[in-house]
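Everything below concerns the one structure shown next.
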Amino acid sequence: MAQRRAMAKAITLLESTRADHRAQGDELLTALLPRTGRAFRLGLSGVPGVGKSTFIEALGLHLIGQGQRVAVLTIDPSSTVSGGSILGDKTRMERLSMDERAFIRPSPSGGTLGGVAEKTREALLVCEAAGYDVVIVETVGVGQSETAVAGMTDCFALLQLPNAGDDLQAIKKGVMEIADLVVINKADIDADAATRARAMITSALRLLGQHGRPEHAAHDATHWHPTVLQLSALKAQGIAAFWAEVQRFRQVQSANGELAARRQRQAKAWMWERIDAGLKQRFREHPAVRAALADTTTQVLDGRLPASTAARQLLALFD
């Protein structure tokens with residue numbers, strides 16, 4: 001059995017911004033890496049109030065009932081005023097959080113865009129190394145452009161509400177076109193609306209799938225075609241059917257090699273993401289940049305220097 005307290009401390013170490021903690025975190029990840037990669041990574045997103053936490057608890061209890069161990073990484077939005085986060089998603093999963101076979105870790109978004117936190121990938125690897133079978137990443141309540149969670153998971157499920165938009169809304173680019181599964185939650189409230197939403201989104205996904213992908217137009221069985229389900233997480237109706245669809249997705253993607261290729265692309269993107277973050281930090285800490293930053297910022301605020309010119313001057317100092 002995994003030591004949940006040790007896992008929590010490891011994730012806290014990885015989330016730290018102190019230089020010595022970052023060095024220790026790098027050593028920890030390197031040591032854990034050979035033990036990672038065995039879990040199935042499920043990303044979950046949706047608008048605020050769609051029932052993500054309720055759905056995760058119902059799914060988690062279903063998986064535990066099948067003998068699997070479940071880790072949940074929830075991302076809580078950080079205040080743009082105070083910088084703080086409530087980190088209260090755990091309270092919505094009361095039954096799941098009390099089970100020894102589950103691990104739930106809320107983390108603040110910290111201003112990171114895309115619906116996830118800066119160190120979500122690192123936390124995911126810790127959960128995998130601890131031997132969890134399924135790792136679920138729940139994003140903050142997101143809109144059409146928050147797609148980062150799809151770049152770190154094997155399967156991306158998007159939760160939608162009945163009566164959540166018209167046909168045009170369904171075919172807009174963004175989060176909808178990268179979803180592997182779309183779930184119409186709270187179908188028990190209005191079954192007719194849920195059925196209409198399912199038909200509308202199914203049609204939209206077929207259109208989006210064919211765009212730029214001629215092999216999908218033929219509905220080749222060796223490729224995965226996004227599907228739409230309707231369920232009620234509150235009443236735990238349709239959870240088994242959802243997981244059966246996830247398992248079918250895993251089988252198809254493993255057979256055609258896309259699952260392995262997806263993880264390779266994600267590892268490369270993660271590397272460049274950390275390079276970008278590291279360069280930004282080194283830029284801010286550069287002696288010449290720090291010496292000129294205050295005066296340059298003042299000139300920009302006073303309207304004496306265009307922001308683009310100021311940026312080029314500071315970058316020249318960094319060079």
* State whether the side chain of Thr36 and the backbone N or O of Leu33 hold a donor-acceptor pair below 3.5 Å, judged by distance alone. => yes

* To do: Tell me whether Trp270 is reachable from Leu32 by hopping between hydrophobic residues (I, L, V, M, F, W, Y) whose side-chain heavy atoms are closer than 4.5 Å.
  => yes

* To do: Decide yes or no on side chain to side chain donor-acceptor pair (under 3.5 Å) for Gln313 and Thr296, but give the supporting numbers first.
  => CA-CA 9 Å; Gln313 290 179 357; Thr296 304; 5.0 Å; no

* **Donor-acceptor contact present, side-chain Asn185 to main-chain Ala233, <3.5 Å** => yes

* Structure fact -> Tested for side-chain contact (heavy atoms from CB on, under 4.5 Å) against Arg312, the lone hit among Leu315, Thr309, Leu314 is Thr309

* **Arg69 side, atom CZ; Leu63 side, atom CG - distance, nearest 0.5 Å** => 13.0 Å

* State the CZ-OG distance between Arg250 and Ser254, to the nearest 0.5 angstrom. => 6.5 Å

* Asked: Step by step, would you call Leu181 with Cys155 a side-chain contact (heavy atoms from CB on, under 4.5 Å)?
  -> CA-CA 8 Å; Leu181 287 165; Cys155 179; 4.0 Å; yes

* Determine which pairs satisfy salt bridge (charged side-chain N to carboxylate O under 4.0 Å, His left out) with at least one residue from residues 279-291, sequence neighbours left out, and list them in order. => none

* **CD1-CD distance between Ile11 and Glu122, expressed to the nearest 0.5 angstrom** => 10.5 Å

* Asked: For the atom pair CG (Leu229) and CD (Gln160), what is the distance rounded to the nearest 0.5 Å?
  -> 13.0 Å

* To do: Give a yes or no answer on whether the side chain of Thr195 reaches the backbone of Ala191 with a donor-acceptor pair at less than 3.5 Å.
  => yes

* To do: Among residues two or more places apart or on two chains, list those pairs meeting salt bridge (charged side-chain N to carboxylate O under 4.0 Å, His left out) that have a residue in residues 32-44.
  => Arg41-Glu128

* To do: Report the C-alpha distance between Leu61 and Ile239 in whole Å, list the side-chain angles of each, state the deciding distance to 0.1 Å, and finish with yes or no for side-chain contact (heavy atoms from CB on, under 4.5 Å).
  => CA-CA 10 Å; Leu61 292 173; Ile239 299 298; over 6 Å; no

* Applying ring pair (Phe, Tyr, Trp, His ring centres under 6.0 Å) between Phe249 and each of Trp243, Trp224, Phe156, report the one that passes. => Trp224

* Asked: With a 4.0 Å cut-off, would you call Arg92 and Glu138 a salt bridge?
  -> no

* Verify, without hydrogens or angle tests, whether Arg4 (side chain) and Ala102 (backbone) share a donor-acceptor contact under 3.5 angstrom. => yes

* Mind telling me whether Phe103 and Tyr132 have parallel, tilted or perpendicular rings, with 30° and 60° as the class edges? => tilted

* Hey, mind stepping through Met271 and Ile275 against side-chain contact (heavy atoms from CB on, under 4.5 Å) and telling me if it holds? -> CA-CA 6 Å; Met271 179 186 74; Ile275 289 173; 4.2 Å; yes

* Taking Glu57 for its side chain and Leu96 for its backbone only, find out whether a donor-acceptor pair lies under 3.5 Å. => yes

* Structure fact -> So salt bridge (charged side-chain N to carboxylate O under 4.0 Å, His left out) across residues 149-163, not counting sequence neighbours, yields Asp154-Arg263

* Roughly how far apart are Ile75 CD1 and Leu44 CG, rounded to 0.5 Å? -> 12.0 Å

* Return yes when atom CD of Gln66 has more than 12 non-hydrogen atoms of other residues, nucleotides or ligands closer than 6.0 Å, and no otherwise. => yes

* Could you please spell out the steps behind the side chain to side chain donor-acceptor pair (under 3.5 Å) verdict for Thr120 and Arg105? => CA-CA 10 Å; Thr120 300; Arg105 170 72 182 212; over 6 Å; no

* More than 12 heavy atoms from other groups under 6.0 Å of CZ on Arg22 -> yes

* **Pair Asp20-Gln24, side chain to side chain donor-acceptor pair (under 3.5 Å): steps then yes or no** => CA-CA 6 Å; Asp20 57 333; Gln24 292 177 32; 4.6 Å; no

* Tell me whether Leu234 is reachable from Val183 by hopping between hydrophobic residues (I, L, V, M, F, W, Y) whose side-chain heavy atoms are closer than 4.5 Å. => no

* May I ask you to decide whether Asp180 forms a salt bridge with Arg262, counting only side-chain N to carboxylate O separations under 4.0 Å? => yes

* Counting only heavy atoms not in Gln237, do more than 12 sit closer than 6.0 Å to its CD atom? -> yes

* Please say whether more than 12 non-hydrogen atoms of neighbouring residues, nucleotides or ligands are located less than 6.0 Å from CZ in Arg5. => no

* Asked: How many angstroms lie between atom OG1 of Thr54 and atom CG of Leu59, to the nearest 0.5 angstrom?
  -> 12.5 Å

